[in-house]
Structures are given as C-alpha cells and as structure tokens.
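Worksheet: the structure to be examined is printed underneath.
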Amino acid sequence: MDKTVSNLPAAVAAIPDGATVMIGGFGGSGAPIELIHALIDRFVATGHPKDLTVVNNNAGNGHIGLAALIEQGMVRKLICSFPRSADPVVFTEMYLAGKIELELVPQGTLAERIRAGGAGIPAFYTPTAYGTDLAKGKKIEEFDGRPYVQERWLKADFALVKAHAGDTHGNLTYNKAARNFNPLMCSAAAVTIVQVSELVAPGAIDPEHVITPGIFVQSVVHVPNPQQEETLNRANAVYSGAVQP
Amino acid sequence: MDKTVSNLPAAVAAIPDGATVMIGGFGGSGAPIELIHALIDRFVATGHPKDLTVVNNNAGNGHIGLAALIEQGMVRKLICSFPRSADPVVFTEMYLAGKIELELVPQGTLAERIRAGGAGIPAFYTPTAYGTDLAKGKKIEEFDGRPYVQERWLKADFALVKAHAGDTHGNLTYNKAARNFNPLMCSAAAVTIVQVSELVAPGAIDPEHVITPGIFVQSVVHVPNPQQEETLNRANAVYSGAVQP
Amino acid sequence: MTQKLSNAQIAWRAAQDIADGAYVNLGIGFPEMVAQYQPAGRQAIFHTENGILDFGESPAKGSEDWDLINAGKKAVTLNPGAAFFHHADSFAMVRGGHLDVAILGAYQVAQNGDLANWSTGPKGVPAVGGAMDLVHGAKRVAVITDHVTKDGKPKLLESCTLPLTGVGCVTRIYTSLAVIDIQDSRFVLIEKLPSLSLADLQAVTGAELLVKAPFADLIVPEL
Amino acid sequence: MTQKLSNAQIAWRAAQDIADGAYVNLGIGFPEMVAQYQPAGRQAIFHTENGILDFGESPAKGSEDWDLINAGKKAVTLNPGAAFFHHADSFAMVRGGHLDVAILGAYQVAQNGDLANWSTGPKGVPAVGGAMDLVHGAKRVAVITDHVTKDGKPKLLESCTLPLTGVGCVTRIYTSLAVIDIQDSRFVLIEKLPSLSLADLQAVTGAELLVKAPFADLIVPEL
C-alpha cells in the first residue's frame, strides 16, 4: 500500500465543481498553503473547481492561501467560526458585496460537528449558543433540567490537510499548534489529501506518537519546507496562480 | 502544582459508598490493579466503600482486580459491554444470583458515552443498537432518512486509571493497547486517580506525545512495576485484601 | 450429508474478497481465521476495537506482551505502520464508515440483512462487546458461518428469531455451502458447492434463494 | 469624571482571584493582560482554544514560531508540562467543565448573567470564535470591562440589547469601578473604588446593585 501522490497538481486533480472541501489550519498554523495554491493553479488554467463550499476556522488573511482561493471566486460558501484576521479584506469585501455565503458556527461546535462527521454521529447536543442568534431554528432539548441545542455532523467530499511527518500508509504527526482542526478533518472527508513536510517509511513514526492513523487518509504528497501564511503575509505576498506555460 | 499522592491508600481514601467509579482497562491491559487492590484493602479494613457503580468494558477475570472487587461485594451495579472472560466465574455467579445489577452497553456506545461525559455533550445519536433489545425505551430520531438511537453521556465521581509515564501535572502516556478506555475515563470523572509506572518531571514528556493532558487528572500515584492481570491469572492468583496490622 | 467446507475453507473464501490495502475488522473467534488466508501480494490492514491498527501475527509463546492484545484478548504483534489510539477514536473508525470490511460470525442472518450473533436468549450472562457497532459503519459487513446450526436447522432465515445485533446490515454471507449476497432484502446466490444441487441448498436455507445471474462454483483448496 | 481603574488595573484585580494551579482561559485581547499579574507564588495553567495547555510568555521578537500561537494568533512559548491536542479535545476541556476560570471581555452584561460580547449588530462581518463555547463549561465565567461604554452608557444592564453570547453564564464582573457578582439573577456589590459613592456607582449601572453584605474597597496598585 502506498498512498503517496507524486506532485501537488495530481493531488488536487479530482476535486470537482460544487465540492465541499475542509481546509485545515487555525489562521496560518497548519494551513496547507501549497495544496490550496495547487487548487488555484488548476482553476486559473481550467476554470475548475468552482462553487466550492469551504470549511475552515477562518476566512483567510491577506492575498495568499484561503484568502486567495476566495479572491479567485472559487468559493460559493464558507463555513467558519471567525472570518476576521489581521487583513481580512478579501472575504470582507466579497461578503459585504453578497458574493459569498457565510455559515457562522461557534468554534467548539464547528470542531465537534466535524468530529461527529468522522465518528458516525449524525447529531449531538451542546450547551453552546443556546439562547443566541446562532441557535435560531435549531432543535432544543432539555437534559437534567438544562436546555441544549441539537447540532448536526459536518462531512466533506475532500479535506486538504497539512501534517508534519507522514508515512506511505497515511499515518501522520503535526507540528505543535498546527494540529488544530487537521486531525478532525482527516476523519470527516471522503477523500483526505495531506501535504507532509517529511515523508517517511511505515514504522518510522512510533505507533504511540501517531496522531492521525492512516485509515483516515487517502493521499499523501511530499511538500518539504512548506510556506507559512504568517511569513508570507508579513512579506505582503499575493498569490494569483502559477504562470501557465 | 504537584498532583502526586504519596501512596495507594491515600490515593483511594476519598471514594465514598455509592460512588460511580470508572475503571480503565480492556480485559487486563490498562487495568489499574494496584489501585483496585488498595480499594479492596480499605473495604476489608473499614467496610467502605460499598454499593459502588463500576464502569468498565468487562466484568473481571479470575479472582484479582475488578473480579476481586466484585467478589468482595463492593459493587452494586456494573456498566460494561462484555462481562465474559477466560474465567468470569465471580461476576457470573453474582449476576445469576441477583446480587449485582448489569447495564449492558455496546462497546462503541460505551466509549462514546464516556467521551461525551468528558466533553460536555449530554446526548448524541448513534446507529448502534437500533432495532435491538439494547435500544429498547430509548429515543429514536431520523437523520437523512436513517434511524438513530439517542444515547446519554456517562460521568463518574471517580476514575481509576493506569498510565505508563505521568508527570506531576498529570500529563500522561500509556503503554500500547493499554490506552483503550483510560484517556476517556480521565475526562469523564470529577476526580481522576492515576497510577503511573514512571513518575517524571513536567517537561519530561514531549508536549507532542502527551495523550492525556493534566487538566483531566487530579491525583497521580507512582506504582513502579505494576502487576498485569493476565500474568496474575495465569498464576491463579487470588486477592482478598492485604493482611491488616 | 453432503460435503461442506471446513471453517478454514470458509475463512479462505472470505479472504479472497479482501482487496490489497483494505481496512478490515475480524470478529472475535472464527472470523480471526480470515487473516491467515490473505492471497499472495495482498496486505490488508487489520483493526482491533481496543485501539490498534495494523497489528500482525501472534507472537511466539512465552514472548507475549499483555499490553499488546486484540479484542479477543489474544497477544498480537505490530506491523510497520501500526498505530495506537483510544476507544473513542477506535469506534469513530468503526461507526464513521472508515473500515472497508467487517467480517463477523452469526447465529442467524435474515434475508433483509438482519444479523443475530450476540445472544441466544434471556438465559445466562448477556455480553455484546463491539458487535452492534461493527455492523454499522463498515462499508461491507460480511458474515462467515456454517450454513446450518449444529442440529441441522437453517441459519439463513426469512427473519431472525434470536435477539438482533443489527438491522439490515449484512451484505454478504460466506457459508459452508455457498456464497450469498443480500440484495433488496433477498438472498441472492453467488456461488455454491458444485457437489450440491440448488434444490438441496434451498432445502437447508430458511428463505428463498434468488438466482439473478448465473452463479459460480464455490471452489476452495484443501487446507 | 471620577477616578477609574486602567485596563491593567482591572486585569490585576481579576488575577488576584485565580488560585495556584487553576486552569484558565483568557479571551482574545484585553483579557490576555490578566496573565501578566499573577500573584507571586501562584502559577495558573493557561489554555488556548487552538490546542495548547500551559503556554507561556511571548517569545522575543524575531524568534516567533508561527506554529506556536494562541487563539489570538499571537506567538507564544511553552512551559514545562505543556501539551498539544486537536480542536475537539480542546473544546472538550472547555465544554466539559474542566476549566476553572474563563475571563472574557464584554459589550454588555445583564443582571441575570447574560453576556453580549460577539456582535454589535447586523452590520459588517459577524465572527464568534470560541466565545459561545467558553461561556459554558468553565466553572467560573468572569468578565473584565470598563464600567461604561466609550460614550458613558452603562454596560451592566437589566437585560442585554445586543446579540447574546450566552444566557445566564457570567458569575463575576471586574469593572473599572467595582467588582460585582451575579447571584440569583441580581448584581451584588463586592468591592467598589473608595473614591466613589454607592449612589454614583449606581448611577452608571443599568440595573439595581444589591448590597447583601458589607462591601470592600477596591484597592489596586499603580501599574
């Protein structure tokens, strides 16, 4: 078994128009910049994929990564908890112009909905958002005298994930707080595509230290020395697709 | 901050009659034999605690550990998925004699109920057990045209847990498949008492490798070279409390 | 009595349908035998409920590590690429549809895919383990079983009489006499022992066997 | 205009109520200041939603690791005994009641403990982050805030007029003028600046302040 894919364009080639795509990361930490940019390259060259529903904690920052994906007009709807950042201009402008739809979800509920999608739990109850605008229209049930909000699982067609080390079976580790939503999204997508900074042989990751077992991963692409969103934005980087031959 | 307790009797001294106690382990792997035996010692000496509700995957094996706890008559009710083993005579006899109550829960539902207890999720839906005797009387709801069973969280007053390495803040690692229910139970009990084979200083466990963060742990007791249920049973060991002075 | 497959031969037949790289859970007991008969060149990855992915063969007697066991509490070893995880993550794999195949034993299977394999009735101590979870979530839930009970009664029925493990969950049954799929709540014959007539097979099957396409001979090596 | 506490002084006061070894989440922005004023000999353990327990101070400028950030996306460091975990485990800590204290900012707090701190209305881009989760689960949910808005209107009210973050969740409010508890859906005065009369404090508070026991002077060092 070998889940590696030889290059970034091949890794993202199968994502169709209209797909729901989970993208890992919390702000820039754990954001799979190179996978996102490969998807932009494909769109610039072919016009696809478009009309994506993207699930991420944020809405991008500056003009690279998720912000660039949105700026290209590839995203129809964003499901996130915090569409603000140091430089949220791309999302803000498109949202206020009515060019992108937003489903705002409290962060812990977002995490739990994704985890539920991966774990086969179609719905659960949480105290979060009870009595607020974000619970409007949702089913309420009392347990032990306290009201809770029913929330549904969240699944995706694809997940784009950034890991630190990965083996050819798809076992993964992460780097520090870059873990965040990534392991959850691996479990909740039909096809999980992972960029790994270090590609290793099976057995090279101690079984005790595996954070995402390979069963949750379909494709692994080696991206040594990945770019960091924060560093790119501090350099005012802009990504608008690779120069096409 | 130092969560260590100097000895086993002190570690289990606060568990009262009638408490709900989660006990980690799957069969013998990860079973906190020394903590259980310390609890038996206390009962033999003082008559307490009794009328316990115990949550474990199994019902003990032979005449040591959980089986010995049951044999002493300390357990009023057992919540478990699989009360069979190589030598289940203790539970079998008491159950058939009507001396112990059994709540049988499918293993994945048991794990998820404990996880929900730790995560503040009062109820969730699962496909497991739908249409079976174990879903009788439970609420059914359809999602996307498929029926699911509503299950409630499971919490405990105390958890007895076996870990491999633990630091004084309560950060824990486990040994191989001895992990099983232990991390879940740490999160679902008001007071989690952990026996660790190796007691280390904060920082000695790589933050990437911590399985149970210390926030879920209240007491740590150092038990080097712990006994293994399987090995004891192969030697036909019997535990009926330490000789009292 | 007609010729029938041994348990090893049933396990061998079930193993032929497991693809290279498939994630597989084998139920405690008889189903564990399936792991021994993987076709050459294929390597399935075995999952055990108690928190291991990609465990390997049994260790030599005397070198067991009792913290490295499978759901049947038997000592195992690890393959390169193995991973440990806790019980909630383990059953997320099960319930979340991440396993390709689960192979279980059965007391009874109904033509609509209902399975009864955990309780023979109200007597004794009930125990369910992970069976009710495993029948939901795996992409394919297969059963391996003798075609009939020890006293010759059909185990494949119009509806189960024993307490159910799951409703409408089984998709394929490997028996000592045949391979049978469940399609649209009916038993569909896929393969049968060539030595057995369709009428004879029907006679020991508790619900009608459909023949929707030419069935094949169930050919299994001596083991 | 009467004397009032600076933000640093409000943060200092809130820090005095955090016990040694407490698990604490500080909201993004102003609440983060609380960490700077831990009393000598006490060490709280700080949790950040994005998956770190026991993070430490900011690193020196230029030595930031952008994979080691807090929920406000600021670079942090680690204390010995730190741990990483994913977002579901992080919010299990929050929702599951494992935090001892959460300290948040506020637009408005109602006397029944309702909090509004995430939206100033339908204009602009809404963003909620972890606030709605944090107000449930922590054993104690405290607010630090100026006593009034920038244009002098009360922030402590009979009921909130802005969109709610949580219902009946706040238990203590540290303001620029006073420390106020919420008990039985009423504001109860605990401490006030000695330079301020009770009548003056009541005048800038949008609901009745109960005095159930002798209140103390709110004494805070120059910072």
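Naming convention: chains lettered A, B, ... in sequence-line order (proteins, then strands); numbering from 1 in each chain.
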Fill in: Ion pair check, D/D17 and D/R13, cut-off under 4.0 Å
yes
Response to the item:
The interface call for D/N70 against chain A, heavy-atom contacts under 4.5 Å, is backbone
Worksheet item: For A/P127, is it the side chain, the backbone, both, or neither that has a heavy atom closer than 4.5 Å to a heavy atom of chain D?
Response: both
Worksheet item: Can a salt bridge be assigned to the pair D/D184 and D/R186 using a cut-off of 4.0 Å between side-chain N and carboxylate O?
Response: no
Discussion item. Given 3.5 Å as the limit, does a donor-acceptor pair link the side chain of D/Q202 with the main chain of D/A207, or not?
Written reply: yes
Discussion item. Between A/L102 and chain D, with a heavy-atom cut-off of 4.5 Å, which part of the residue counts as in contact: side chain, backbone, both or neither?
Written reply: side chain
Worksheet item: What part of A/R113 lies closer than 4.5 angstrom to a heavy atom of chain D: side chain, backbone, both or neither?
Response: neither
Worksheet item: Tell me, side chain or backbone of A/Y174 under 4.5 Å from chain D's heavy atoms, or both, or neither?
Response: neither
Discussion item. What part of A/N58 gets within 4.5 angstrom of chain D, counting heavy atoms only: side chain, backbone, both, or neither?
Written reply: side chain
Practice prompt. Check whether D/I52 gets within reach of chain A through its side chain, its backbone, both or neither, counting any heavy atom under 4.5 Å.
Written response: side chain
Worksheet item: For D/V125, is it the side chain, the backbone, both or neither that has a heavy atom under 4.5 Å from a heavy atom of chain A?
Response: both
Worksheet item: A/F26 ring centre to D/K73 NZ or CZ under 6.0 Å, with the angle to the axis within 45°?
Response: yes
Practice prompt. Could you check which of A/E112, A/Q228, A/R115, A/E229 has the highest count of heavy-atom pairs closer than 4.5 Å to chain D?
Written response: A/Q228
Worksheet item: Which of the residues A/A111, A/A135, A/G108 is involved in the greatest number of heavy-atom pairs with chain D at under 4.5 angstrom?
Response: A/G108
Worksheet item: Charged N to carboxylate O under 4.0 angstrom, D/E64 versus D/K74?
Response: no
Worksheet entry | Heavy-atom contact with chain A under 4.5 Å, split by part of D/S90 | neither
Item to complete: Salt-bridge test for A/E142 and A/R146: reply yes if a basic N is under 4.0 Å from a carboxylate O, no otherwise.
Response: no
Worksheet item: Does any N or O in the side chain of D/D100 come within less than 3.5 Å of the main-chain N or O of D/V24, such that one atom is a donor and the other an acceptor?
Response: no
Practice prompt. Quick one: which of D/D67, D/V128, D/V167, D/L164 has the most heavy-atom pairs under 4.5 Å with chain A, could you say?
Written response: D/D67
Discussion item. Out of A/L134, A/I114, A/T92, return the one with the most heavy atom pairs under 4.5 angstrom to chain D.
Written reply: A/L134
Practice prompt. Go through the atoms of D/F84 and report whether side chain, backbone, both or neither lie under 4.5 Å from a heavy atom of chain A.
Written response: both
Worksheet item: Is chain A contacted by the side chain of D/A71, its backbone, both, or neither, given a heavy-atom distance below 4.5 Å?
Response: both
Discussion item. Ignoring hydrogens, what is the shortest heavy-atom contact between D/G105 and D/P31? Give both atom names and the distance.
Written reply: N-CG, 3.5 Å
Response to the item:
If one checks every heavy atom of A/S85 against chain D at 4.5 Å, the contacting part turns out to be neither
Item to complete: Decide side chain to side chain contact (heavy atoms under 4.5 Å, CB included) for A/F181 and A/L110; before the verdict, give the C-alpha distance in whole Å, the side-chain angles of both, and the deciding distance to 0.1 Å.
Response: CA-CA 9 Å; A/F181 284 91; A/L110 182 64; 4.1 Å; yes
Fill in: Residues A/I23, A/V55; criterion side chain to side chain contact (heavy atoms under 4.5 Å, CB included); working and verdict
CA-CA 6 Å; A/I23 300 181; A/V55 182; over 6 Å; no
